[in-house]
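Quick caveat, the model's predicted, so the values are computed rather than measured.
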Amino acid sequence: MPAARESLLDAAYTALTERAWTAVRMVDVAAAAGVSRQTLYNEFGSKEGLARALVRRETDNYLAGVARALSQGSPAAGARRDAAGRVAAAATWTLRTARANPLVRAVLTGCWSDRLPAPAAGAAPPPANRPGIPAQRNAPSGDGPLPGPAELVGRFCDQAVAALEPDWPEEQLPALCAACETAARLTLACVVAPVTPGTAPSAGCVPARRSRRELEAEAVSRLVRGAFARMPADAQPGERC
């Protein structure tokens, strides 16, 4: 029953924002979702199963947002795509989501506070070294291990390459892959060590009072664009037919 499942996950997430996971009771989650406790146990099996499903849903929603950011702003046929700008948009989404969603931040960083459900099954092992272009990863199955920081960096990179590669000649795809990999790792570094409001403004600009979110978005965008600027001069997107 998908509707009941989503309602239960919504109720569990709301409860987690109000109190530590250890204080969240299954009976309260069921009541908040408007279903019986037996329905909750039938759906998830245990509190650990509920926690795993909740972490997986929030992670999947985050990755769906990455895909949306990468797809936005696609120009009409015949125009060059702003690859760095699209990856920077995905990086900004990552920072914004990590700030707002403690579960996504924990999965991205591997740092789980006492308030959060512990990833009992462990995170997926880091992906093997991927020469050239990374293969697309399948979304984790319901019983599979939860992704960890290395896996999410790989998925971010894979999604970026998949979204951008139609504009690149085949021989230039390794350079694109390297730029996306660097951008993904820089994004994760910004999540782990957020930008502070004391960031100096660009030379010649009158400093304006800006939010921390704006400063973080500006910083990660600059880093991502720098990763693409370091690509070889001959590694540029082609014209779409």
L173/V161 under side-chain contact (heavy atoms from CB on, under 4.5 Å): CA gap, chis, key distance, verdict: CA-CA 8 Å; L173 293 183; V161 172; 5.8 Å; no
Candidate pair R52 and E48, rule salt bridge (charged side-chain N to carboxylate O under 4.0 Å, His left out), full reasoning: CA-CA 6 Å; R52 286 172 55 78; E48 178 183 330; 5.2 Å; no
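- Of the possible donor and acceptor atoms, none in the side chain of N101 sits under 3.5 Å from a partner among the backbone N and O of T97.
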Derivation and outcome, salt bridge (charged side-chain N to carboxylate O under 4.0 Å, His left out), residues R57 and D10: CA-CA 10 Å; R57 184 188 73 164; D10 288 342; 2.7 Å; yes
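- The side-chain heavy atoms of R225 and D82, taken from C-beta on, include a pair separated by under 4.5 Å.
- Taking CD of E58 as the reference point, atom CG of L9 lies at 8.0 Å (rounded to 0.5 Å).
- Atoms SG and CG, from C111 and L116 in turn, are 10.5 Å apart once rounded to the nearest 0.5 Å.
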Pair L146-T59, side-chain contact (heavy atoms from CB on, under 4.5 Å): steps then yes or no: CA-CA 9 Å; L146 297 174; T59 302; over 6 Å; no
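- Using a 4.5 Å cut-off on side-chain heavy atoms (C-beta onward), R56 and D60 make contact.
- Residues E170 and P174 come closest through the heavy atom pair O-CD, 3.9 Å.
- Side-chain N or O atoms of R105 include one that pairs as donor or acceptor with a backbone N or O of V191 at under 3.5 Å.
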Worked verdict on F228 versus L164 for side-chain contact (heavy atoms from CB on, under 4.5 Å): CA-CA 12 Å; F228 278 82; L164 301 175; 4.1 Å; yes
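- A91 and T187 get closest at one heavy-atom pair: CB-OG1, 3.2 Å.
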Chi angles and distances behind the salt bridge (charged side-chain N to carboxylate O under 4.0 Å, His left out) call for E216, R96: CA-CA 9 Å; E216 288 179 340; R96 184 167 65 247; over 6 Å; no
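- Within the 4.5 Å cutoff, the side chain of T94 has no heavy atoms near those of the L188 side chain.
- Considering every non-hydrogen atom in both R86 and A163, the closest pair reads NH2-O, 3.6 Å.
- The closest side-chain donor-acceptor pair between Y41 and S46, if any, does not fall under 3.5 angstrom.
- Here the closest non-hydrogen pair linking V87 and A183 is CG1-CB, 3.7 Å.
- Residues L223 and L215 fall into different hydrophobic clusters, defined by Ile, Leu, Val, Met, Phe, Trp and Tyr side chains chained together at heavy-atom separations under 4.5 Å.
- To the nearest 0.5 angstrom, L186 atom CG is 7.0 Å from C190 atom SG.
- In this structure, the side chains of W112 and V55 come closer than 4.5 Å at one or more pairs of heavy atoms.
- The minimum heavy-atom distance between T182 and R230, with the atom names listed, is CG2-NH2, 4.2 Å.
- Separating the OG atom in S7 from the CG atom in L40 is a distance of 11.5 Å, to the nearest 0.5 Å.
- Minimum heavy-atom separation, L8 to A30: CD2-CA, 4.0 Å.
- The environment of R115 atom CZ is dense: over 12 non-hydrogen atoms of other residues, nucleotides or ligands sit within 6.0 angstrom.
- Separating the CG atom in L108 from the CG atom in L103 is a distance of 11.0 Å, to the nearest 0.5 Å.
- Rounded to the nearest 0.5 angstrom, T39 OG1 and F44 CZ are separated by 11.0 Å.
- Residue pairs meeting the side chain to side chain donor-acceptor pair (under 3.5 Å) criterion with at least one partner in residues 14-35, sequence neighbours excluded, are R25-D28.
- A heavy-atom distance below 4.5 Å is found between the side chains of P169 and Q172.
- Checked by atom type and distance alone, the side chain of S221 never pairs as donor or acceptor with a backbone atom of A217 at under 3.5 Å.
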